[in-house]
Amino acid sequence: MSRPIVWSVAGNDSGGGAGLSADARAAEGCAVHLCPVVASVTAQNSLGVARVVPVAAEVLDAQLATLAADLRPAVIKTGLIGSAEGVAVLMRWLDRFDAEADAAGGPRVRLVVDPVLGASAGGAAFCDDALLAAYRTQILPRADLITPNRREAARLLGMAEAATPAEVPAQAAALRARGARAVAITGGDSADGADGVDALDWIDTPLARGWLALPRLDARHTHGTGCTFATTAAAAMARGFVTADALVLAKMATTAAIAAGHAAGQGAGPVGFDAGFAGDARRLPRLGCDETPPGPVRVPAEPWPGGLYAISDSFAQAAPLLAAAAEVPGLCALQLRIKRAAHRDLDDAIFAEALQAQITQAQAAIDMLPAERRPLLVINDHHALVLDAVEAGRLDAASIALHLGQEDLLALGAAGRARLAAAQARGLRLGLSSHSLWELARATALQPAYVACGPVWPTTTKDMPWTPQGLHNLGWWARMAPVPVVGIGGVLDEVQVESVMATGAADVCLVRALAAQPGDADPAAAQRERLARMAAACQRGREPSAALVAPLWPEASLDPAAEAGG
């Protein structure tokens with residue numbers, strides 16, 4: 001099977017730690033084909049860099065011309081370029097690729113920039129004034145992603161290095177203002193210890209921004225971390241991931257690579273590369289919602305029930321299903337998804353009263369069921385009503401759950417999320433939607449009771465830009481998420497129910513599959529029979545013999561064109 005092609009235009013590290021050596025390790029571990037283009041030659045070992053010699057512009061151009069004739073890249077990643085003349089050569093090729101893409105209507109070659117401007121531990125300078133100017137005027141405006149550490153970000157901007165994490169977001173925004181489409185300012189090598197127990201990388205992309213956090217590893221052998229981070233991001237982008245998702249994978253890979261570092265020589269040794277990083281749940285980072293670093297993952301005190309999770313648009317639609325649940329076990333949760341847009345004829349006050357009435361009716365109907373068959377009531381979207389009721393004591397926080405989409409979560413703001421966290425501390429269970437790696441990373445930082453993954457299959461109940469996740473990604477979610485996963489979207493029959501549960505998902509979400517059908521001669525009997533069949537399929541999917549193998553890598557769930565205008 002052919003692999004995506006990535007060019008790395010970077011320096012050769014004679015010590016085998018960083019540069020093209022680290023790039024090759026990362027590319028192989030990410031299953032992309034790397035073309036190592038030597039832009040500079042270094043004389044270095046584990047103790048430092050003695051000399052840097054950029055290759056002649058015509059030699060660099062000859063390498064790129066030969067590759068362009070046979071091995072056209074999906075992504076070009078840069079490291080140590082070494083000279084302004086080398087930048088000019090690279091930019092001419094990028095201009096040529098852009099013109100060809102425009103003429104053919106095809107994808108652009110994406111550019112990932114690791115701005116290697118100086119040695120991390122003494123030795124030769126890598127960047128003179130002319131090269132720094134070329135970065136600012138030529139590379140930044142063309143970069144799809146730039147991955148400086150704090151020191152490099154400050155030098156590119158001509159300002160003081162950020163002394164604390166609080167100063168980093170503004171510098172990332174300044175780099176984007178200079179033309180970079182996305183920025184990741186890495187903080188793993190921050191010497192001041194201001195990041196505490198976590199290694200924090202600030203990402204600012206067209207689709208997501210916030211702190212990516214994983215526990216800082218106590219490791220000495222960290223040579224090549226910047227190369228590993230940038231190359232993994234480039235590889236993931238070449239495999240079709242949007243930038244924010246690629247950065248989640250880069251964070252995972254770099255942390256795993258640090259853990260696999262080894263001694264080589266008298267100084268700090270190189271990081272390794274763990275090809276299993278993408279399937280290691282320990283490496284899934286947390287992503288903050290704003291400029292506050294995310295807290296640690298905590299398991300909610302109230303467990304999430306497993307089984308069939310039904311969604312209804314009204315209590316009138318849910319009532320027959322609850323009647324069926326009185327006789328047939330298996331329904332673990334019932335969500336009322338009552339959309340404001342469907343009731344535009346009602347003013348806000350009347351809609352709020354109607355919504356509260358339906359919640360009260362649903363809870364009363366659930367309370368009438370035998371205790372062992374009572375599904376948990378979940379309210380979709382209406383966080384203000386739920387939080388007000390919990391705070392006023394009108395709702396028992398432990399008897400209800402709230403489900404939010406990521407847009408609703410961000411719209412809450414810091415104060416709203418603090419209210420939500422307080423309600424969670426009182427027992428409110430929170431469910432969060434997730435469609436991509438960055439949304440999963442953000443969701444896990446907010447102590448949810450479950451994370452929904454979808455759409456598993458194409459669905460007509462909601463218009464969304466996401467590619468169906470399929471059982472492949474649902475299995476990856478179930479393997480990686482630190483909380484139960486709910487599979488949702490396009491689940492219509494027993495085979496699909498069984499398949500969803502076989503991935504390791506805790507619940508399977510049903511919207512239309514349990515609803516009464518126009519042709520039902522006896523709607524109540526038909527609904528009981530339908531619930532029984534789906535519950536039996538759910539149970540079959542839980543059998544060990546039905547288990548599906550969890551994939552090592554996820555698949556991209558959003559077309560990179562979605563971030564083009566960001």
Side-chain angles (χ1 to χ4, degrees), residues 303-313 317-337 362 365-366 368-378 401 403 431 449-461 468-475 477-479 484-550:
W304 184 254
L308 298 179
Y309 181 149
I311 294 183
S312 296
D313 293 334
Q317 186 185 82
L321 180 60
L322 291 174
E327 301 181 39
V328 180
L331 188 65
C332 73
L334 171 68
Q335 182 186 124
L336 286 182
R337 187 166 67 182
I366 288 171
M368 293 291 291
L369 298 176
E372 70 277 7
R373 293 188 183 176
R374 290 175 191 164
L376 182 69
L377 181 61
V378 185
H403 183 92
Y450 71 87
V451 173
C453 174
V456 183
W457 288 285
T459 176
T460 60
T461 62
Q469 304 278 8
L471 297 174
H472 180 102
N473 272 13
L474 180 60
W477 251 247
R479 173 179 185 161
V485 170
V486 173
I488 182 172
V491 184
L492 300 174
D493 59 40
E494 296 159 76
V495 173
Q496 290 174 308
V497 167
E498 186 173 342
S499 297
V500 166
M501 298 305 293
T503 66
D507 294 11
V508 55
C509 208
L510 302 173
V511 182
R512 290 174 288 164
L514 293 176
Q517 304 299 319
D520 290 340
D522 183 345
Q527 203 150 21
R528 286 194 302 272
E529 190 269 340
R530 201 171 287 124
L531 178 60
R533 285 192 289 105
M534 295 300 179
C538 181
Q539 188 58 42
R540 288 196 300 273
R542 288 171 161 168
E543 296 297 327
S545 60
L548 298 177
V549 176

Original post:
NE2 of H472 to CG of L548: how many Å apart, nearest 0.5 Å?
Top reply: 12.0 Å
Original post:
Looking at residues at least two apart in the chain, or sitting in another chain, which of them share a side-chain hydrogen bond (donor to acceptor under 3.5 Å, both in side chains) with R374?
Top reply: none
Original post:
Which atom names give the shortest non-hydrogen contact between L514 and A310, and what distance separates them?
Top reply: CD1-CB, 4.0 Å
Original post:
Can you find a pair of side-chain heavy atoms, one from R540 and one from E494, that are under 4.5 Å apart?
Top reply: yes
**OP:** For residues A502 and A546, report the shortest heavy-atom separation together with the two atoms involved.
**Re:** CB-O, 3.0 Å
**OP:** State, to 0.1 Å, how close W304 and D507 come at their nearest heavy-atom pair, and which atoms those are.
**Re:** NE1-OD2, 2.7 Å
Original post:
With R373, which residues qualify under side-chain hydrogen bond (donor to acceptor under 3.5 Å, both in side chains), at least two apart?
Top reply: none
Original post:
Do you know which two heavy atoms are closest between M534 and A513, and how far apart they sit?
Top reply: CE-CB, 3.9 Å
Original post:
To the nearest 0.5 Å, how far apart are CG in L510 and CZ in R530?
Top reply: 11.5 Å
Subject >> Q496 side-chain N/O to L492 backbone N/O, donor-acceptor pair under 3.5 Å >> reply: yes
Original post:
L531 versus L308: any side-chain heavy-atom pair under 4.5 Å?
Top reply: yes
Original post:
Heavy-atom distance under 4.5 Å between the side chains of C509 and V456, does that happen here?
Top reply: no
Which side-chain N or O atoms in residues 317-336 pair as donor and acceptor under 3.5 Å with protein atoms at least two apart or in another chain?
residue, atom, partner, partner atom, Å
Q317, OE1, D313, N, 2.9
Q335, OE1, N380, ND2, 3.0
Q335, NE2, Y309, OH, 2.8

Subject >> Non-hydrogen atoms of V485 and W477 that approach each other most closely >> reply: CG2-O, 3.6 Å
Subject >> Closest contact, heavy atoms only, C453 versus Q469 >> reply: SG-CG, 3.9 Å
Original post:
When rounded to the nearest 0.5 angstrom, what distance separates CD in E529 from CZ in R533?
Top reply: 4.0 Å
